Amino acid sequence: MNEIVPLIYFSHAELKHPEDIQAKFEIINTENKISSLTKTSSRKKLKLNIEDTDMNYEAVEEEYSPFMIGVLDKETRDISVSNTSYFIMKPECYIGSRSKSDGLAVDPESTYSEKLNALTAAFGSSKKRKAMQTKLKNKIDTETLESAVNAAVEESKQNISLNQSNENEESVQDLEQFSILPIPNKNAKTPIEVYDLYEILGVSQAEFDRFTIEQSSKFASATTELIKSWRAKNVYSEYVCEHAVLISGSKSSHQYKLQKAKQLVFINYLITLYKLKSAQLRARNPFNASDVPEMVANRLLEQYTVLSASNAQAKNIRSMPRRLKDKLICHILILALYIDDFLTSLNFFQKDLKLSIQKISDFYQALGCFIKNSVTTVNNKRIIDKKAELKLPLNNVNRLEGKKRARKT
């Protein structure tokens, strides 16, 4: 084959060091169809590949070359003119090594996602490249995932067969991990025995006392003027303010008032967490503007929120998914039952939690409570106050998914 002297034009680059390029020619067959009436003709063409450390360029010689090559004979001073191949080189993007093991090479068989990743790596901003690399690191191989799922299924089958005799008891315990509702004590003889309050709140009795003892005195001895100030400045929720009035004005024993005040302190912690916005949860200290102690804040965040990786910001973001928020609502409502001696009004939470009476009623019924109407007359107007009462035997409702009612058939 005669020596090839091609003319090369780079559409997206400028050739600075021609002596360093590695060019490779190959002959390919191409089809040429002038019109729909003519037959398709086949001819051989040259394909040129030029490899560089950062980019790969390729092109097939143009059908018609606008240029010719002239060769000067220095002795006779004659010039021989001949046609030459003309190539318009276009880039082919890739990341790092071109080996198939990298999974990032761009070729005609690459998927759209692979081509997009290659373009991002070559031309994307540092932020986008970093996000792409994080995404690729977290990518799970399909075969590995299928193998892991199959292994888990087999292990689950084995566990079921080995524990068939205790199936009912253990299935209840397993479902509890995924349910927003605590399982009531079937052997309870009084309402106070239905739920283990400290277990539900995720604290021991000693921790509960330590978390609340310091702030309990202000609720147990709050004056009418101080509570009015709390309401005017929106320091505490309506439920907390109203019950601070009841506790401070109660003629019950000091021990009884102190216990109710400590429970009121803890429900204030929970309501404060519930009211935090998404932006506040993402802050370094979500409870910065409240009187929730740091050790309590850490415990609450651990129990009712989750941290998830953000590819865009390359850091963990705290959030409260819907299921954990429903769990928090349940714990607030259960603690309110203990504060109100198992007969509590739904109206407070309609305002404090911004939930409808129907939704609060659904939660309480799922917890085994009975809903009843209490009618009072104020200024010659009848006011209906819905109340939830926890009594034995418990209200039998469908506890599926935490709060769905039984479907009628």
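Hydrogens, waters and symmetry mates play no part in the numbers below; they use all other heavy atoms, side chains included. Predicted model, so just to flag it, every value in this text is computed and none were measured.
Electrostatic pairing of Asp340 and Lys260 does not count as a salt bridge here, judged by no charged N lying under 4.0 Å from a carboxylate O. Using a 4.0 Å cut-off between charged side-chain N and carboxylate O, Glu58 and Lys90 make no salt bridge. A salt bridge does not link Asp326 with Lys359: every distance from a Lys NZ or Arg NE/NH1/NH2 to an Asp or Glu carboxylate oxygen is 4.0 Å or more.
Judged by distance alone, the side chains of Glu225 and Ser229 never bring a donor and an acceptor atom under 3.5 Å apart. Using modelled atom types, one finds no donor on one side chain facing an acceptor on the other under 3.5 Å when comparing Glu302 with Asn298. Remark: the Lys386 side chain and the Asn373 side chain contain an N/O donor-acceptor pair separated by less than 3.5 Å.
No side-chain heavy atom of Val265 sits under 4.5 Å from any side-chain heavy atom of Val240. Side-chain contact check for Gln350 versus Leu355: every heavy-atom pair is 4.5 Å or farther apart. For the pair Tyr239/Leu264, a side-chain contact is recorded, criterion being any heavy-atom separation below 4.5 Å from C-beta on. Side-chain contact between Tyr256 and Ile247 is absent, with no heavy-atom pair separated by less than 4.5 Å.
Within the cation-pi definition used here (under 6.0 Å to the ring centroid, within 45° of the axis), Lys47 does not qualify as a partner of Phe25.
Closest heavy-atom contact between Met89 and Ala59: SD-CB, 3.6 Å.
Of the residues Tyr198, Tyr304, Tyr274, Phe266, the one that meets the ring-ring contact (aromatic ring centres under 6.0 Å, His included) test with His331 is Tyr304. When each of Asp291, Thr272, Asn268 is paired with Tyr236, the side-chain hydrogen bond (donor to acceptor under 3.5 Å, both in side chains) condition holds for Asp291 and for no other.
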Can you list the steps and then say if Arg231 with Glu242 is a side-chain contact (heavy atoms from CB on, under 4.5 Å)? CA-CA 9 Å; Arg231 279 186 165 132; Glu242 183 65 24; 2.8 Å; yes

Stepwise side-chain contact (heavy atoms from CB on, under 4.5 Å) test for Ile267 and Ile332: CA-CA 6 Å; Ile267 202 172; Ile332 291 173; 4.1 Å; yes

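Centroid-to-centroid, the aromatic rings of Tyr269 and Phe211 stay 6.0 Å apart or farther.
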